[in-house]
There are 2 protein chains.
Amino acid sequence: MISVTCVAPVNIALIKYWGKRHEDLILPINDSISMTLSTDELCAKTTVTASETFEQNRMWLNGDEVPFEEGSRLTRCLKEVHRLALANGSQKVSPSWKIHIASVNNFPTAAGLASSAAGYACLVYSLARLYDIPLSEELTTVARQGSGSACRSLYGGFVQWHRGALDNGSDSVAKQIASSKHWPNMHVLILVVNDERKKTASTKGMQQAVKTSQLIRHRADKVVPERIAQLTDAIEKRDFQTFAEITMKDSNQFHAIALDTYPPCVYMNDVSHKIASFVHSYNEIMGSLHAAYTFDAGPNACLYVLEENVPELLDAVQKVFPSDSMDSGTYLRGLSVPKVDSTPKIGDVHKTKIDILDINARNAFRYIIHTKVGEGPKELSDNNSLMINGLPLGD
Amino acid sequence: MISVTCVAPVNIALIKYWGKRHEDLILPINDSISMTLSTDELCAKTTVTASETFEQNRMWLNGDEVPFEEGSRLTRCLKEVHRLALANGSQKVSPSWKIHIASVNNFPTAAGLASSAAGYACLVYSLARLYDIPLSEELTTVARQGSGSACRSLYGGFVQWHRGALDNGSDSVAKQIASSKHWPNMHVLILVVNDERKKTASTKGMQQAVKTSQLIRHRADKVVPERIAQLTDAIEKRDFQTFAEITMKDSNQFHAIALDTYPPCVYMNDVSHKIASFVHSYNEIMGSLHAAYTFDAGPNACLYVLEENVPELLDAVQKVFPSDSMDSGTYLRGLSVPKVDSTPKIGDVHKTKIDILDINARNAFRYIIHTKVGEGPKELSDNNSLMINGLPLGD
């Protein structure tokens with residue numbers, strides 16, 4: 001019985017992936033760029049165990065067993081890893097041995113983060129460790145077939161998923177633009193928004209968008225390629241102004257495409273729009289772009305902000321969006337933030353302007369997570385295993 | 001002293017006007033199509049009085065005097081009418097006489113209807129009556145210079161505003177597609193939504209969109225021309241299915257463009273999106289399109305619905321969006337609606353499906369206005385005048 005345990009990070013798209021050109025292979029209609037978040041705050045964790053004595057492949061997700069069906073994305077990933085193991089002449093574990101997989105996310109689904117991206121990245125990375133396959137662009141095509149944006153979670157720092165041109169998808173790979181060490185003071189505040197509405201699942205939303213939006217092709221063919229070049233350049237130069245502007249514009253354009261879908265897909269709510277409006281006002285008050293928002297297929301905001309500007313931004317966020325549970329100890333999660341004095345950087349004039357911002361939104365968030373750019377997946381020691389004797393702990 | 005009093009209608013765009021190619025002449029980047037609403041429920045009313053004894057031009061809007069400034073849109077409209085009067089050899093009133101204008105809207109600004117469109121249409125039409133100028137395409141270019149969409153309120157029924165190609169705007173005119181008699185059972189429910197947010201004024205929103213949206217040109221050049229042809233055809237054939245689909249798609253695309261603007265313009269709110277979602281569910285339950293929504297630069301919905309389907313739709317609206325003031329007498333305004341029996345058309349299965357729609361929005365509307373397609377501006381008899389001795393009544 002051989003076992004491997006790994007963690008893999010969440011990634012947040014700066015240039016959004018929306019729309020496939022091939023459903024099964026998960027080939028996108030445009031490139032995307034994301035930033036990988038530190039696994040210290042948010043991660044998926046997976047243990048894979050292989051044994052000659054297992055009778056069938058089995059998987060447990062957050063403690064519950066899930067079916068391991070022929071033709072599923074899960075099975076497809078496993079097959080692809082086996083193919084790579086053979087190609088690599090890997091002999092550590094025989095592909096004929098059945099495997100058991102246990103996977104958990106350390107963040108609540110309520111956080112609305114793309115858990116499938118971290119999850120599939122962790123699965124594929126763990127299997128790769130099990131079969132002794134090195135991390136490669138080809139491995140990202142395997143993760144991609146689990147969940148498109150999972151391919152971006154195989155690297156740390158800033159990552160580009162190239163749409164590729166080939167029909168078999170072998171050139172639709174993720175590549176690192178810059179490591180987490182390149183721009184280590186890039187921090188993130190995730191504002192987890194209260195919401196009740198049912199949303200269109202993103203797989204379906206994308207399908208509908210490709211089928212019905214009369215703007216999506218123009219976005220994919222004309223707008224995104226330009227933005228990819230500009231954002232890559234901004235990341236290389238650590239140019240926060242350009243980074244912030246493109247990030248906000250692309251978030252808005254993604255939601256514009258969703259709205260141009262028939263029937264329309266609406267992921268942002270009134271609170272989301274208040275956050276966006278706040279960020280624009282805040283940046284205007286500060287005299288330059290100090291924060292950038294991005295929204296995925298849900299109402300939660302990710303705010304990008306340089307480390308040195310986190311205290312002021314968080315202070316302003318809490319002034320404009322006060323919460324009754326502000327001091328509860330579970331409201332502010334993740335990295336700690338130094339308290340803002342009454343003096344530095346943001347003067348009294350700024351403070352007053354923020355106080356009078358006409359945004360009325362008490363208890364708009366469940367909680368706030370503070371995290372930063374981070375590294376790719378990594379293998380953990382055996383004492384982190386989620387399984388004992390090939391079965392989930394506590395099962 | 002010569003006096004003329006007229007009413008002019010509100011129009012609601014089906015294919016939206018958004019974006020100018022010339023700010024002063026108010027030349028749009030794309031054609032638009034609207035439906036004119038009956039003046040019985042909603043209208044602007046204007047009295048213009050000319051006298052040799054008046055010392056200056058003056059204007060009162062909803063009872064308050066407003067400045068009559070050189071270079072204003074108001075002055076521009078008056079000058080243009082004078083030019084037409086001369087060209088027509090009109091001798092009823094000398095253009096050298098100063099004029100007094102009183103104008104009112106019979107609908108609250110809270111209704112969020114484009115009051116400037118009805119207002120400028122009424123002003124220009126009244127001046128035309130005063131100087132004995134016939135209604136013509138050229139007259140629509142004058143109204144257009146007051147407020148773009150005002151040109152469409154000079155005709156009843158279904159109206160197309162042609163963007164035109166000339167620099168001087170002389171071919172940017174409104175033309176009737178079909179009169180109100182062509183599709184007399186086309187009714188409208190206006191759902192006036194409670195809202196607090198400040199919105200970007202549409203003039204500024206348009207400017208920003210033209211400057212920053214990377215999708216607006218594609219919309220104007222590629223999408224709208226196709227939709228204009230399809231909608232014109234649907235109106236000619238009284239094909240409600242196509243009419244409804246294009247109307248909803250174009251409303252969504254307009255809001256998508258607004259969202260793709262930097263900073264984004266957001267006009268619909270959570271209630272607006274709930275209404276849109278309700279309409280899609282309702283149509284699905286009914287098995288074909290029975291209602292179509294459109295939203296202008298604000299949160300209120302206009303629902304297009306054929307007369308015979310009004311009772312069922314209103315019943316469903318009130319089930320899904322119940323109001324505590326439902327029976328207040330001021331909640332349902334405009335044309336009366338027969339009560340729905342428990343039996344006809346919409347069977348019990350439909351009713352149950354509507355009952356379980358997962359939309360939770362109590363007291364979402366201030367009130368509902370029921371109206372229908374209507375005719376263009378008309379002159380009223382003198383006893384409808386808003387002025388006495390050249391001054392507003394009650395002044």
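Source: prediction; values computed, not measured. Order of the sequence lines sets the chain letters (A, B, ...), proteins ahead of strands, with each chain counted from 1.
Of all residues spanning residues 233-248 of chain B, those with a heavy atom less than 4.5 Å away from chain A's heavy atoms are Glu245(B), Met248(B), arranged by number.
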For Phe365(A) and Tyr367(A): C-alpha separation, side-chain torsions, deciding distance, then whether ring pair (Phe, Tyr, Trp, His ring centres under 6.0 Å) applies.
CA-CA 5 Å; Phe365(A) 314 145; Tyr367(A) 49 85; over 10 Å; no
Steps toward ring pair (Phe, Tyr, Trp, His ring centres under 6.0 Å) verdict (Phe278(B), Phe321(B)):
CA-CA 10 Å; Phe278(B) 157 75; Phe321(B) 300 93; 5.8 Å; yes
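Proximity to chain A (any heavy atom under 4.5 Å) is restricted, for Arg227(B), to the side chain, taken from C-beta onward. Heavy atoms of His280(B) lying under 4.5 Å from chain A belong exclusively to its side chain.
Proximity of Ile228(B) to Gln160(B): side-chain heavy atoms (C-beta onward) are separated by under 4.5 Å at one or more points.
Applying the salt bridge (charged side-chain N to carboxylate O under 4.0 Å, His left out) test to residues at least two apart or on different chains, none of the pairs has a partner in residues 257-268 of chain B.
Here the rule is side-chain contact (heavy atoms from CB on, under 4.5 Å) with Met35(A), and of Val188(A), Ile12(A), Thr294(A) only Val188(A) fits it.
Side-chain atoms of Ser34(B) do not come within 3.5 Å of backbone N or O of Ala13(B) as any donor-acceptor pair.
Looking at Gln253(A) and Gln214(B), their side chains never bring a donor and an acceptor atom within 3.5 Å of each other.
Comparing Ser213(B), Ser277(B), Pro264(B), Ala258(B) by how many heavy-atom pairs each has under 4.5 Å with chain A, the most go to Pro264(B).
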